[in-house]
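Report on the structure given below.
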Amino acid sequence: MDSAHFTDDTELLAALRTNHGLDGAVKSLYRAHFESLSTYILQNSGSRQDAEDIFQEVLLTFIELVQLGKFRQESSIRTFLYALNRNIWLNELKRRDRANSREKRFEMTRDDVEKDVSHAIAGREARKEVLEILGNLGETCSKILLAFYYENLSIREILKTLNYENEQVVRNKKYKCLKQLADRLQADPRLAQTLKIALKYE
Amino acid sequence: MNENSTPGFLLLQYLDGELSPEEMARLEQEISRDSVKRDTLEGLSLARQAVRSWGLQNKIASIHQELSAELTWPAKESSGSRSSFRLYFLRAVAALLILMFGTLAYQYSQVSSQKIYGEIYTAYELPLSRGAANISDMIKRFREKDYAAVITLFARERQASLQEDFLAAQAYQQTGGYQQAISLYREILQKDRDQHSSQYADDAQFYLALCYLQLKEPDLALPLFTAIHQDPEHLYHDRVSAWQLQQIRLLLWKK
């Protein structure tokens with residue numbers, strides 16, 4: 001579904017949980033919330049680029065929480081995204097060492113919505129490091145891993161897009177690529193632990 | 001090396017759901033006994049999750065690219081119209097204040113006792129007495145505007161009347177003798193009070209105020225002019241406006 005029309009939060013959340021409805025749901029979130037969330041960034045020392053980057057981070061964190069069943073709907077999507085946006089941006093400002101007294105005061109008044117995602121925010125740096133590792137795996141590894149683990153394509157479907165002899169070769173290549181990433185994570189326990197918390201994987 | 005013979009490969013197949021139920025059960029028993037296998041499993045599991053996250057991030061980025069042309073940005077002047085209205089309002093107030101102060105400053109620089117005196121002053125008109133046979137010399141001289149003669153005649157009077165006092169005061173005022181005029185006006189006002197009359201009260205009050213103004217005594221002139229302005233029945237009410245009172249107040253600041 002590539003529609004931007006969802007009648008309520010429940011419908012939108014259901015679409016986010018499936019690959020089939022994801023595109024439409026993400027577009028809907030963009031149209032509904034981008035301007036208001038970017039306003040906050042721009043009003044708080046951020047540039048347009050910052051607003052774009054942070055919004056993507058907000059959506060990424062939110063969708064993963066939804067897909068892991070961690071979004072409990074105790075607040076509306078709008079409220080939750082706003083809190084995520086605020087926290088991620090404040091975290092970024094702290095990282096850039098631009099915290100001022102207003103932001104520090106805000107830090108001390110976190111509510112429950114923000115506590116839920118504090119781990120995700122804390123793992124921002126870990127994500128960035130891992131993404132760099134993934135980017136260095138090479139084009140073929142990226143293709144195979146994303147096709148299998150994100151797009152949920154079968155080995156047979158992936159074989160059609162690659163110049164390999166058979167499915168076993170693709171399977172072997174998939175393992176080697178993922179093992180590279182796993183070994184890099186195992187070599188850095190701090191990174192692995194932070195990423196584990198950030199992704200809330202099970 | 002054949003990857004599919006390594007323990008790690010089998011563990012990945014386990015995670016990817018590619019083993020038969022029997023193979024899964026056998027491997028789970030091995031995992032429970034082998035910490036190395038557990039660590040490897042955990043590492044591969046984390047790596048899978050990282051890839052999924054990476055894929056989602058790429059997907060969001062591509063949708064962002066697709067929508068970038070239609071994304072709307074807030075107006076630069078902050079939270080929409082509220083701040084811009086506040087800014088416009090402040091600018092308007094500032095402009096108004098500058099205009100007000102500029103006007104006041106100009107008035108301040110331009111205001112003078114002589115100027116206000118000239119605006120307020122009106123010559124005293126002796127009322128005509130029809131059929132009066134004996135019009136005094138003083139009155140004749142006054143009507144002829146021979147103020148020096150009026151003063152001379154007044155000086156000879158042993159017991160001047162209120163009218164003679166007033167004409168003499170006027171003559172002094174016309175010839176620049178303001179201090180003498182002030183003394184006479186004040187005497188007239190005292191006599192009026194003593195005799196419970198108001199024959200020349202309004203006139204004396206008005207011209208007394210003018211003399212104070214001429215002598216650059218706005219603090220003495222202001223209360224008299226204020227009383228004249230506030231009394232609609234006063235003979236000279238129309239000569240003193242609120243604007244002129246404001247001008248006299250400016251003179252006070254200057255002093």
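Keep in mind that this is a model prediction, so the values were computed, not measured. Letters A, B, ... mirror the listed sequences (proteins, then strands); counts begin at 1.
Residues A:Val26 and B:Leu67 have side chains not in contact (no heavy-atom distance under 4.5 Å, counting atoms from C-beta outward). Side-chain contact check for A:Tyr150 versus B:Lys59: some heavy-atom pair is nearer than 4.5 Å. Between A:Thr39 and B:Trp73 the shortest side-chain heavy-atom distance does not fall below 4.5 Å. Counting heavy atoms from C-beta outward, A:Glu64 and B:Arg52 have side chains that stay 4.5 Å or more apart. A:Tyr175 is not listed as a side-chain neighbour of B:Asp16, based on a closest heavy-atom distance of 4.5 Å or more.
Nearest approach of B:Ser53 to A:Arg127, heavy atoms of both residues: OG-NH1, 2.8 Å. Residues A:Leu134 and B:Ala50 come closest through the heavy atom pair CD1-O, 4.0 Å.
For a residue to count as touching a neighbouring chain, one of its non-hydrogen atoms must lie under 4.5 Å from one of that chain's; by this rule A:Leu60 touches chain B with backbone and side chain alike. For a residue to count as touching a neighbouring chain, one of its non-hydrogen atoms must lie under 4.5 Å from one of that chain's; by this rule A:Phe148 touches chain B with the side chain only. In this structure, chain A has a heavy atom under 4.5 Å from the side chain of B:Leu12, while its backbone stays farther away.
Considering only heavy-atom pairs separated by less than 4.5 Å from chain B, the leading option among A:Gly135, A:Ser142, A:Ala51, A:Ala147 is A:Ser142. Between chain B and the options A:Leu178, A:Leu42, A:Asp183, the largest number of non-hydrogen pairs under 4.5 Å is found for A:Leu178. Chosen from A:Arg171, A:Gln67, A:Lys179, the residue pairing most often with chain B at heavy-atom distances under 4.5 Å is A:Arg171. No other option in B:Glu70, B:Glu18, B:Arg48 has as many heavy-atom pairs under 4.5 Å with chain A as B:Arg48.
More than 12 heavy-atom neighbours from other residues, nucleotides or ligands sit within 6.0 angstrom of CD on B:Gln114. Heavy atoms of other residues, nucleotides or ligands lying less than 6.0 angstrom from OH of B:Tyr121 number more than 12. Environment of CZ in B:Arg186: sparse, with no more than 12 heavy atoms of neighbouring residues, nucleotides or ligands closer than 6.0 Å. Heavy-atom contacts from other residues, nucleotides or ligands closer than 6.0 Å to CD of A:Glu139 number 12 or fewer. Remark: B:Lys37 NZ is packed, more than 12 non-hydrogen atoms of other residues, nucleotides or ligands lying under 6.0 Å away.
Atom CD of B:Gln57 is separated from atom CG of A:Leu146 by 11.0 Å, given to the nearest 0.5 angstrom. Rounded to the nearest 0.5 Å, atoms CG (A:Asp23) and OG (B:Ser62) are 7.0 Å apart. B:Ile60 contributes atom CD1, which lies 7.5 Å from atom CG of A:Leu22 (distance to the nearest 0.5 angstrom).
Remark: aromatic rings of A:Tyr149 and B:Trp54 are distant, center separation not under 6.0 Å.
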Does the pair B:Gln49 and A:Lys196 meet the rule for a side chain to side chain contact (heavy atoms under 4.5 Å, CB included), with working shown? CA-CA 9 Å; B:Gln49 195 70 18; A:Lys196 184 176 161 183; over 6 Å; no
Report the C-alpha distance between B:His64 and A:Glu52 in whole Å, list the side-chain angles of each, state the deciding distance to 0.1 Å, and finish with yes or no for side chain to side chain contact (heavy atoms under 4.5 Å, CB included). CA-CA 8 Å; B:His64 181 90; A:Glu52 291 184 28; 2.8 Å; yes
